[in-house]
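Here is the structure we will look at.
Just so it is clear: chains get the letters A, B, ... in the order the sequence lines come, proteins before strands, and each one is counted from 1. Side chains are part of it too, since the values below use all heavy atoms of this structure and drop only hydrogens, waters and symmetry mates.
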2 protein chains.
Amino acid sequence: MQEHKKLPRASVLRMELYLELLEQLEANGQQSVTSAELGAATGISAVKVRQDFFHLGSEGKPKIGYEVSQLASLIRSVLDLETPKNACLVGLGNLGRALAASDIWARAGFRLAAIFDRDQKIIGTEAAGVRVRNITEFFGVVKAEGIAAGVITVPAPDAQEAGDLMVGAGIRAIWNFAPVTLRVPDDVVVENQSLAWGLITLSYAMKSDKDKNHTAL
Amino acid sequence: MQEHKKLPRASVLRMELYLELLEQLEANGQQSVTSAELGAATGISAVKVRQDFFHLGSEGKPKIGYEVSQLASLIRSVLDLETPKNACLVGLGNLGRALAASDIWARAGFRLAAIFDRDQKIIGTEAAGVRVRNITEFFGVVKAEGIAAGVITVPAPDAQEAGDLMVGAGIRAIWNFAPVTLRVPDDVVVENQSLAWGLITLSYAMKSDKDKNHTAL
DNA sequence: ATCTAATCGTTAAGTAATTAACGAAAGCGG
DNA sequence: CCGCTTTCGTTAATTACTTAACGATTAGAT
């Protein structure tokens, strides 16, 4: 077994699928699972599955496979999903509201501890049981609540400003939904996720399909 | 100039950033822009910028850079963002509502032509000016409206069913938000985008940070 | 206890993406 | 008009990710 150094990013993204499935198997009372089974169920090739678990520092047994609940625990532990972490969200538009109401927080060990906006019409309202505060209170609340991660769901032109606030308040992990690249110090991790990616990619893929048919004529 | 074959996926994802910036520059009346400027503004290395535009089949001029509006057009054209395309959305939960209300559709040339759900309490309501229909009407509406792309925002256990419906109705481009891998025929493009990715990645990144500090002691 | 078949862990090969390098084209100053 | 400097286009090198290969291990049968 290799002492796990750093999980490839692509591998980290697949962990969610494994975990989802493993928890399902666990609920069904299944004890063990092979890489082939996991692969068939997740649509990931069995080799990739084994490689991923190898990176995790896996503990499968030949002829048997992986012990379901142990593997699930290992994933949760390596990704640190069970350590409680506080997060805040800046910008309560449609996306912010959807995120706030989502169950992803708990699944990754986060608690949405605060929501901020600058719009007086939104400040004071609630989302997912959390009161929306004025962005001017940002610094104080982040300190008081021990917030370690920030989510940016403001319009693109305001994103850098939101990021600066977060960095200034000591936050070193940012999840950014605005289609801009934030300028942050080296020790701050930024995870970008634009909502538009899917549509843009599909648009391009649909065109390629068309082209293919065309040349086939 | 190379005749552009297939844009690397990673490159496609960056196009949104370029386009966002180019349109801004265009609005400011700037005529041309260099790879260095674009890189500085987007946080992408200048080499990567040139490489990306090379893949596009770019038309920059030494000593000047790229012509802003021409480059923007090229991107829109290669990604096919201006061809009108109809999409439908299945599952009007919080995420579905946020997507429906978003402006990303128009930016990528899509029109949200129909929304489906199976919950009687939701059917008949409206989101972003689109009436929610019963999922039983799916096939007919997709044909009638000429819908070419589908978005899945249902809970994970229902995702495959939604995908099957889409495939059955002739849809060949699917944007899936459920954390499952859809089983679809080879000629159907599936673009997966789980909302949880960001949090999971951050969780892992924050842990690595902690470890780093630890070993530094 | 030994053999067989399955399945893992790990190294190696192949593929895709990023980064580097550098010749060629084009504006600009003298 | 001629060099000088900038910046592109393109090929090459590096790095990261994926896929393949295969020896080692173990359960289960005889």
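The interatomic distance linking A:Phe54 (CZ) with C:dT7 (C1') rounds to 16 Å, in whole Å. Rounded to whole Å, atom P of D:dC8 lies 15 Å from atom CG of B:Leu74. Taking atom CZ on A:Phe53 and atom P on D:dT19, their separation rounds to 15 Å, with Å as the unit. Atom pair B:Glu59:CD and D:dC8:C1' shows a separation of 12 Å (rounding to whole Å applied). In this structure, A:Ile44 atom CD1 and D:dC17 atom C1' are separated by 14 Å, rounded to whole Å. Summarising the geometry, the separation between NE2 on B:His55 and C1' on D:dC8 is reported as 15 Å, rounded to the nearest angstrom.
The side-chain heavy atoms of B:Val189 and A:Tyr204, taken from C-beta on, include no pair separated by under 4.5 Å.
A distance of 9.5 Å separates CD of A:Gln30 from CG of A:Leu22, quoted to the nearest 0.5 Å. With rounding to the nearest 0.5 Å, the separation of CG in A:Leu79 from CG in A:Leu19 is 7.5 Å. One finds the CD1 atom of A:Ile44 at 4.0 Å from the OH atom of A:Tyr18 (value rounded to the nearest 0.5 Å). How far CD1 of B:Ile75 is from OH of B:Tyr66: 10.5 Å, rounded to the nearest 0.5 Å.
In this structure, of C:dG9, C:dA20, C:dT10, it is C:dG9 that holds the atom nearest to the side chain of A:Ser58. Of the listed nucleotides (D:dT11, C:dC8, D:dA27), D:dA27 has the atom at the smallest distance from the side chain of A:Lys63. The A:Gln51 side chain lies nearest to C:dT11 when the options are D:dC22, C:dT19, C:dT11. You'll find that the side chain of B:Pro8 is closest to C:dA17, out of C:dA20, C:dA17, D:dC8. Considering only side-chain atoms of A:Pro62, the nucleotide from C:dT7, D:dA12, D:dC22 that sits closest is C:dT7.
Dashed line: the shortest gap from a side-chain N or O of B:Lys48 to OP1 or OP2 of C:dA17 is not under 4.0 Å. Close to D:dG9, at under 4.0 Å from its OP1 or OP2, lies no side-chain N or O of B:Arg50. In this model, the phosphate group of D:dT18 is approached by a side-chain N or O of A:Arg14 to a distance below 4.0 Å at OP1 or OP2.
Of the residues in residues 29-43 of chain B, those lying under 4.0 Å from DNA chain D by heavy-atom distance are B:Thr34, B:Ser35.
Comparing A:Val47 and B:Val47 against DNA chain D, the residue whose closest nucleotide sits nearer the 5' end is B:Val47. Both B:Ser11 and B:Ile64 lie near DNA chain C, and the one whose nearest nucleotide falls closer to the 5' end is B:Ser11.
The salt bridge (Lys or Arg N to Asp or Glu O under 4.0 Å) analysis of residues 38-53 of chain A, with sequence neighbours excluded, yields the pairs A:Arg14-A:Asp52.
A:Tyr66 comes within 4.0 angstrom of the backbone, heavy atoms only, and of no base. Residue A:Lys61 is classed as a sugar-phosphate contact, given heavy-atom separations below 4.0 Å to backbone atoms only.
Between B:Trp197 and A:Gln193, the side chains place no donor N or O within less than 3.5 Å of an acceptor N or O (distance only, hydrogens not considered).
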Would you tabulate the side-chain donor-acceptor contacts of residues 151-170 of chain A under 3.5 Å, counting partners in other chains and residues two or more places apart, or write 'none'?
from: A:Thr153; atom 1: OG1; to: A:Val90; atom 2: O; distance (Å): 3.2
from: A:Thr153; atom 1: OG1; to: A:Gly91; atom 2: O; distance (Å): 2.5
from: A:Gln160; atom 1: OE1; to: A:Arg183; atom 2: N; distance (Å): 2.9
from: A:Gln160; atom 1: NE2; to: A:Asp164; atom 2: OD1; distance (Å): 2.7
from: A:Gln160; atom 1: NE2; to: A:Arg183; atom 2: O; distance (Å): 3.2
from: A:Glu161; atom 1: OE1; to: A:Arg118; atom 2: NH2; distance (Å): 3.3
from: A:Glu161; atom 1: OE2; to: A:Arg118; atom 2: NH2; distance (Å): 2.9

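Partners of A:Ser194 by side chain to side chain donor-acceptor pair (under 3.5 Å), not counting sequence neighbours, listed by chain and number: B:Glu16. In this structure, the salt bridge (Lys or Arg N to Asp or Glu O under 4.0 Å) partners of A:Glu82, at least two apart in sequence or on a different chain, are A:Arg76.
With axes fitted over five pairs at each extremity, the angle between the ends of the helix from C:dA1-D:dT30 to C:dG30-D:dC1 is 10° (10° resolution).
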